[in-house]
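In what follows, a single structure is set out as structure tokens and then discussed.
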Amino acid sequence: MPELPDVEGFRRYFARHAAGRQVRGVRVRDAALVRNTSAQGLGRALAGQRFEQPSRTGKWLIAPAGGPRVLMHFGMTGLLSWSSGGDDEHRHDRVIFEVEGGELRYRNMRRFGGVWLAPAGTSVEKVTGPLGPDAMSLDRERLGELLAGRRGGIKAALMDQRLIAGIGNLLSDEVLWRARIHPSRPAHALSPRRIEALDRELHDVIAASNRRGRIPPQEGWLTGARDRRDGRCPRCGGPLRRGTVAGRTACWCPRCQRER
DNA sequence: TTGCATGTTCCGGA
DNA sequence: GTCCGGAACATGCA
């Protein structure tokens with residue numbers, strides 16, 4: 001699931017269940033998903049510390065705990081699961097944070113992503129690498145500036161985390177469909193009107209998705225039609241097209257989103 | 001059995 | 001240096 005709205009949901013989930021609670025220990029079920037330290041290193045850094053309010057940048061969840069911070073990336077199949085009743089672990093629970101009153105489980109079927117530690121005094125960017133401004137806090141002017149400097153296609157630009165953080169395959173398709181922009185259109189060639197539409201739809205889609213903690217597969221949205229065998233555009237009723245753009249399976253309406 | 005999946009990274013080539 | 005396509009990574013499902 002994880003694009004910006006999903007991770008925003010995980011942030012709230014973390015805040016509700018784990019923030020303010022002291023860490024008792026960490027159980028690592030899959031050492032490979034603790035990416036930049038050992039299971040012992042993670043446990044030593046966190047034990048006795050108290051989780052503070054988490055933050056999110058792009059698709060990264062950042063959980064401070066005293067000095068050190070835990071960073072989580074969810075890949076394509078990651079999520080968080082809280083347990084206060086000692087119920088059975090899921091087979092894909094990879095790292096388990098034991099806190100007062102329960103435990104927060106980092107689950108990830110496909111094992112992309114993982115858990116990182118940013119020790120006190122080190123920068124978060126050292127873990128995440130360079131990230132552009134978060135898509136949620138982007139304004140139209142900045143969006144226009146960022147896109148003006150790109151030579152490639154608009155979909156590739158939107159999904160480039162170094163340019164803008166948080167947008168993935170589903171979000172980019174949804175926003176481009178709403179703004180009536182073909183995913184292959186050169187990013188720098190968008191008119192001010194298209195930039196304005198893109199900015200508006202980006203924020204509308206993110207706001208609506210954040211409320212649900214996911215990009216909803218909903219009537220009237222591209223997401224509600226894109227996975228059907230004969231998917232039709234919710235706006236014009238024409239047949240949707242799918243194809244590879246920027247290395248991903250893109251979906252668009254060839255009537256509403258003209259090539260140029 | 002084959003292809004595909006909401007992510008990132010690395011490589012070769014234009 | 002920029003950008004793109006393709007492959008790799010790992011696992012499950014239609």
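Residue numbering restarts at 1 for every chain, and letters A, B, ... go by the order of the sequence lines. The analysis underlying the following values was restricted to heavy atoms, covering all of them including side chains, and did not include hydrogens, waters or symmetry mates.
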Selected nucleotide, minimal atom distance to [X] side chain, candidates [options]:
| X | options | value |
| --- | --- | --- |
| A:Met109 | C:dG12, B:dA5, C:dA10 | C:dG12 |
| A:Arg151 | C:dG1, B:dA5, B:dT6 | C:dG1 |
| A:Phe112 | C:dC9, C:dC3, B:dT6 | C:dC9 |
| A:Arg94 | B:dT8, B:dG7, C:dT11 | C:dT11 |

Hey, where does DNA chain B pair up into stems, meaning at least three consecutive Watson-Crick or G-U pairs with distances under 3.5 Å? B:2-5 with C:11-14, B:7-14 with C:2-9

Give [X] one of three labels, base, sugar-phosphate or nothing, depending on what nucleic acid heavy atoms sit under 4.0 Å from its own.
| X | value |
| --- | --- |
| A:Arg91 | sugar-phosphate |
| A:Gly113 | nothing |
| A:Thr77 | nothing |
| A:Arg214 | nothing |

How far, in whole Å, is C:dG6 from B:dG3 if one measures between their P atoms? 15 Å

Rounded distance [0.5 Å steps], NZ in A:Lys155 versus OG in A:Ser184: 9.5 Å

Is the phosphate of [N], meaning OP1 or OP2, less than 4.0 Å from a side-chain N or O of [X]?
| X | N | value |
| --- | --- | --- |
| A:Lys59 | B:dT8 | yes |
| A:His92 | C:dA10 | no |
| A:His73 | B:dT8 | yes |

Parallel under 30°, tilted from 30 to 60°, perpendicular over 60°: which one fits the rings of A:Phe74 and A:Tyr106? tilted

Among A:Arg107, A:Arg29, A:Arg105, find the residue that satisfies the side chain to side chain donor-acceptor pair (under 3.5 Å) test when tested with A:Glu89. A:Arg29

Check the distance between B:dA5's P and A:Asp227's CG and give it to me in whole angstrom. 9 Å

What I want to check is whether an N or O donor and acceptor connect the side chain of A:Arg111 with the base of C:dA10 at under 3.5 Å. no

